[in-house]
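Chain identifiers are assigned alphabetically (A, B, ...) following the order of the sequence lines, protein sequences preceding nucleic acid strands; residue numbering begins at 1 within each chain. Below, all heavy atoms of this structure are taken into account, side chains as well, without hydrogens, waters or symmetry copies.
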Protein chains: 2
Amino acid sequence: MGWGDLGAFGEPSKETPNLDQMASEGMLFLDFYTANPLCSPSRAALLTGRLPVRNGFYTTNGHARNAYTPQDIVGGIPDSELLLPELLKKAGYVNKIIGKWHLGHRPQFHPLKHGFDEWFGSPNCHFGPFDNRALPNIPVYRDWEMIGRYYEDFKIDLKTGEANLTQIYLQEALDFISKQQASQQPFFLYWAIDATHAPVYASKSFLGTSQRGLYGDAVREIDDSVGKILRHLQKLGISENTFVFFTSDNGAALISAPKQGGSNGRFLCGKQTTFEGGMREPAIAWWPGHIPAGGVSHQLGNVMDLFTTSLSLAGLQPPSDRQIDGIDLLPAILQGKLIDRPIFYYRGNEMMAVRVGLYKAHYWTWSNSWEEYNKGIDFCPGQNVSGVTTHTQEEHTTLPLLFHLGRDPGEKYPLSFASDEYQRAMERVAAVVQQHKATLLPGEPQLNVCDQAVMNWSPPGCEKLGKCLKPPQSDPKKCFWPH
Amino acid sequence: MGWGDLGAFGEPSKETPNLDQMASEGMLFLDFYTANPLCSPSRAALLTGRLPVRNGFYTTNGHARNAYTPQDIVGGIPDSELLLPELLKKAGYVNKIIGKWHLGHRPQFHPLKHGFDEWFGSPNCHFGPFDNRALPNIPVYRDWEMIGRYYEDFKIDLKTGEANLTQIYLQEALDFISKQQASQQPFFLYWAIDATHAPVYASKSFLGTSQRGLYGDAVREIDDSVGKILRHLQKLGISENTFVFFTSDNGAALISAPKQGGSNGRFLCGKQTTFEGGMREPAIAWWPGHIPAGGVSHQLGNVMDLFTTSLSLAGLQPPSDRQIDGIDLLPAILQGKLIDRPIFYYRGNEMMAVRVGLYKAHYWTWSNSWEEYNKGIDFCPGQNVSGVTTHTQEEHTTLPLLFHLGRDPGEKYPLSFASDEYQRAMERVAAVVQQHKATLLPGEPQLNVCDQAVMNWSPPGCEKLGKCLKPPQSDPKKCFWPH
């Protein structure tokens, strides 16, 4: 989902009454970012509070390439990483993930080995259907074991776009919350729904209800579900004791537009890019009785902050034996403070850009390669800013392209290199970058090696279902990351 | 000002708390249009309830060219046109225009000859400063006579952007409202401020207060002023008896970006074009006690509707001796009804496009000429949709380009001509267009002839101020309209 997909953020169909109400009862973040313009690294950052280049969710197979966890990925979240649920356990929290995990699907990466107590969902994207010979269909897990596969036991009708997965995820959430309220145990629920990810889907009762087509139907169902979750918290009397945050893992995928693509508002480009459209996210904090209603924050925030903020809410300290990139947002949320901090825009192993205050400096630009672009893959459809949305990797490290995101949120007008404003701003930015690079200790890259043999052929539980498939011979090789 | 310039419409700096509050207390229109992507024709349409092609505010000097009322224009609003204030007078209304008139500056076009009782403002744009030899500076009128000129008596500092005009216009508005409340006479106030029109300006206390630069400062001052006007109505106890509507006369001028250009959100292109960015406008209706708070309407609206709606509010009927394009919006505003009506997108003498429901069909496309574009004049900076944002006038009358504005508000993905959806939608659209064209009686074009001699050399009142200038010899010729 993208920045511009919510009515509160100016989507012209204004079809998200529940999220808009969540914002009007809570706080809207206008300058909130993901740590990476792609799913897996973004989620790894959210759960570790660390940039993907630290936690290993990146590749060195190529320069500045987006990588994630397809079925044949060998790597996943390293044991050495401390995930939010692992830490919350120490404060008595029960942790559940509903939806897409995406931090590795092999046994050692299972979410219940990384702090979660319960899981309902899948390890990978709901791509498919596959033939179970060249590629197995993605399994759906309940806790330790698979209970079926997408397109087999969990239907997604690619023709009509119908699938009731969001309803299942919603029911799982409501049940978990009820159970935790009844047992009086604190809980962390990571509700990682994926209906707006291609192939986009919605339940029957939402199909055809949006002005925006199938994508809008999916947004409406998510909106409706969020409303039901918030009302459930209120009904159970625990809303004033439950912090809720809504955000997305990357910008809307414009490549899927218009049928399956969302909106990044007036920002440049989309998912996969380090322009604002790829990394600025819709974000809403909600906590009645604590967060002043109708608040709007210009705090530069990041999904990694949810790690540190959640620990703070639980009375815990972040780990002190490693670099944590997330900051505690509570002073911004509860007291309206503005904390000075930069935003780093990474693509794979490269820091492409950095935001300091209202200035954003691009050290590298590219949207995607000419080769891919000429095949029709366009991360910036209808947008073309000369020298900015480049189709070759352009280095600007000696003279970064600088934009003022207040006057120019669309990144269309680089400041003149000769201007005083450029000189002054770059002094600040350069100091931040130098400090960042000097202290950066990259993690072991996890997304370099792929092997057909590690796919979801025989996940735990497959025997009971008669759904075990025979893996091919192991043949590890370098993953190919085109973007 | 453009659709995307208000926080309520998703401007990422969210700096319009008063307009946003106006929306939350009233009704936000998401699908509201101007009748023309340029100032004069739009204002003529607003005040006559008629398309410019009917009321004469267009040119036939070229095909599909935008024309307006610069100083050397010979034409203006014809006497045969009935303006809103003329009609409101019959119901006892006192009418005042504050700000830019723009319907002709020669004596016969004076607003007080067309139904207004009072005027404070100027007949033309605040361009300048001029040398008073080749071009006179634009006069500022109080009622019948000029009281000074821009850049002479009414300062605009082009270097700092400072001018206190919006404050003067605000005070004029507050005073007029107070006077009308005291005299218990109904009033119509047309508050036509122009701070966001290049050269953009703001008062000293607003300069530098916006994240968005000078343009944002101007928006903030307008926002603040609207808030003061609404609170004044409330303080005087007449807010429940006063209908207030906020809108703009065309899309934001992207050509002036980023320093002086606003935002049309995610819509395509800007002012001067018949894409959504040129003609979809921010719009808010406010009438406490009558309009339900927080309403949002998808009614297709048009500035021409303000003519008919205002008459309806005053218990008057629109003229029956001529075609009126504006509709009465009260059923949409007060009862939430959706009235089926098309939107016509005219550029000069050509119907470029039409919207019916969520479908928009382009019969002609062009942004601007290659000649102008190569000079750096770009109405779609950073945007380029192949075959859509064309730099030659492209005719599509036999096979219009069709967009679904729900799925594709950015007009990036024309529907396939071969699709069933195209066929079905175009049947509806074609019927609307045929009906429109069959009954269209174009007015006498008023914007064809220009003459240096008619400029504001010696406006009424200039003698008292010693500000009369000597006009050159009359030399009427065809006006040149490059866009």
Side-chain angles (χ1 to χ4, degrees), chain A residues 2-4 6-15 17 20-21 24 28 30-31 210-216 254 257-261 263-268 276-277 280 294 296-298 357-358 378 380-386 388-389 403-413 415, chain B residues 2-4 6-15 17 20-21 24 28 30-31 210-216 254 257-261 263-268 276-277 280 294 296-298 357-358 378 380-386 388-389 403-413 415:
Chain A
W3 194 93
L6 275 56
F9 288 93
E11 202 291 313
S13 301
K14 223 170 166 64
E15 293 178 340
D20 297 354
Q21 190 181 334
S24 73
L28 195 68
L30 295 161
D31 299 79
S210 165
Q211 284 194 359
R212 305 179 65 197
L214 181 57
Y215 184 90
L254 302 186
K259 296 233 161 160
Q260 309 219 337
S263 165
N264 300 312
R266 64 177 297 199
F267 296 126
L268 190 62
E276 292 297 287
R280 207 190 292 205
V296 169
S297 180
H298 281 293
L358 282 165
D378 189 354
C380 318
Q383 296 179 314
N384 176 27
V385 183
S386 175
V388 178
T389 54
F403 295 91
H404 185 282
L405 293 180
R407 298 195 299 270
D408 178 24
E411 295 168 281
K412 291 191 171 79
Y413 306 95
L415 267 71
Chain B
W3 194 93
L6 275 57
F9 287 94
E11 202 292 312
S13 300
K14 222 171 166 63
E15 292 177 341
D20 297 355
Q21 191 181 331
S24 73
L28 195 68
L30 295 161
D31 299 79
S210 165
Q211 284 193 1
R212 306 178 65 197
L214 181 56
Y215 184 90
L254 302 186
K259 297 234 162 159
Q260 308 219 338
S263 165
N264 300 312
R266 64 177 297 201
F267 296 125
L268 190 62
E276 291 298 287
R280 208 190 291 206
V296 169
S297 179
H298 281 293
L358 283 165
D378 189 353
C380 317
Q383 296 179 313
N384 176 26
V385 184
S386 176
V388 178
T389 54
F403 295 91
H404 185 282
L405 293 179
R407 298 194 300 268
D408 178 24
E411 295 168 280
K412 290 190 172 78
Y413 306 95
L415 267 70

Between [options], which has the largest tally of heavy atom pairs under 4.5 Å with chain A?
options                                    : result
Arg280(B), Lys259(B), Arg212(B)            : Arg212(B)
His298(B), His404(B), Gln383(B), Glu11(B)  : His298(B)
Val385(B), Asn384(B), Asp408(B)            : Asn384(B)
Ala257(B), Ser210(B), Gly265(B), Gly294(B) : Ala257(B)
Ser13(B), Gly410(B), Gly261(B), Gly213(B)  : Ser13(B)
Ser386(B), Cys380(B), Pro409(B), Pro12(B)  : Pro12(B)

- Query: Would you say Gln211(B)'s side chain and Arg407(A)'s backbone share a donor-acceptor pair under 3.5 angstrom?
  - Reply: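 Checked: no pair found.
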With a 4.5 angstrom heavy-atom cut-off, could you sort out which part of [X] is near chain B: side chain, backbone, both or neither?
X         : value
Leu28(A)  : side chain
Pro381(A) : both
Leu415(A) : neither
Phe9(A)   : backbone

- If we only count heavy atoms from C-beta on, is the Leu405(A) to Asp31(A) side-chain gap below 4.5 Å?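 No, too far: nothing below the 4.5 Å cut-off.
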- Query: Does the side chain of Lys412(B) reach to within under 4.5 Å of the side chain of Leu254(A), using non-hydrogen atoms?
  - Reply: no
- Heavy-atom pairs under 4.5 Å with chain B are the metric here; pick the option from Pro258(A), Ser24(A), Gly10(A) that has the most.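 So the answer, after comparing Pro258(A), Ser24(A), Gly10(A), is Pro258(A).
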- Which heavy atom in Asn264(B) sits nearest to a heavy atom in Trp3(B), and how many Å separate them? OD1-N, 3.8 Å
- Query: Of all heavy-atom pairs between Glu276(A) and Glu411(A), which one has the smallest distance, and what is that distance?
  - Reply: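 So the minimum-distance heavy-atom pair works out to N-OE1, 2.7 Å.
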- Message: Applying side chain to side chain contact (heavy atoms under 4.5 Å, CB included), can you list everything that pairs with Asp20(B), at least two apart in sequence or on another chain?
- Response: Leu6(B), Ala8(B), Lys14(B), Thr16(B)
- Item | All ring pair (Phe, Tyr, Trp, His ring centres under 6.0 Å) counterparts of Tyr215(A), not counting sequence neighbours |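 Listed in chain order: nothing, the list is empty.
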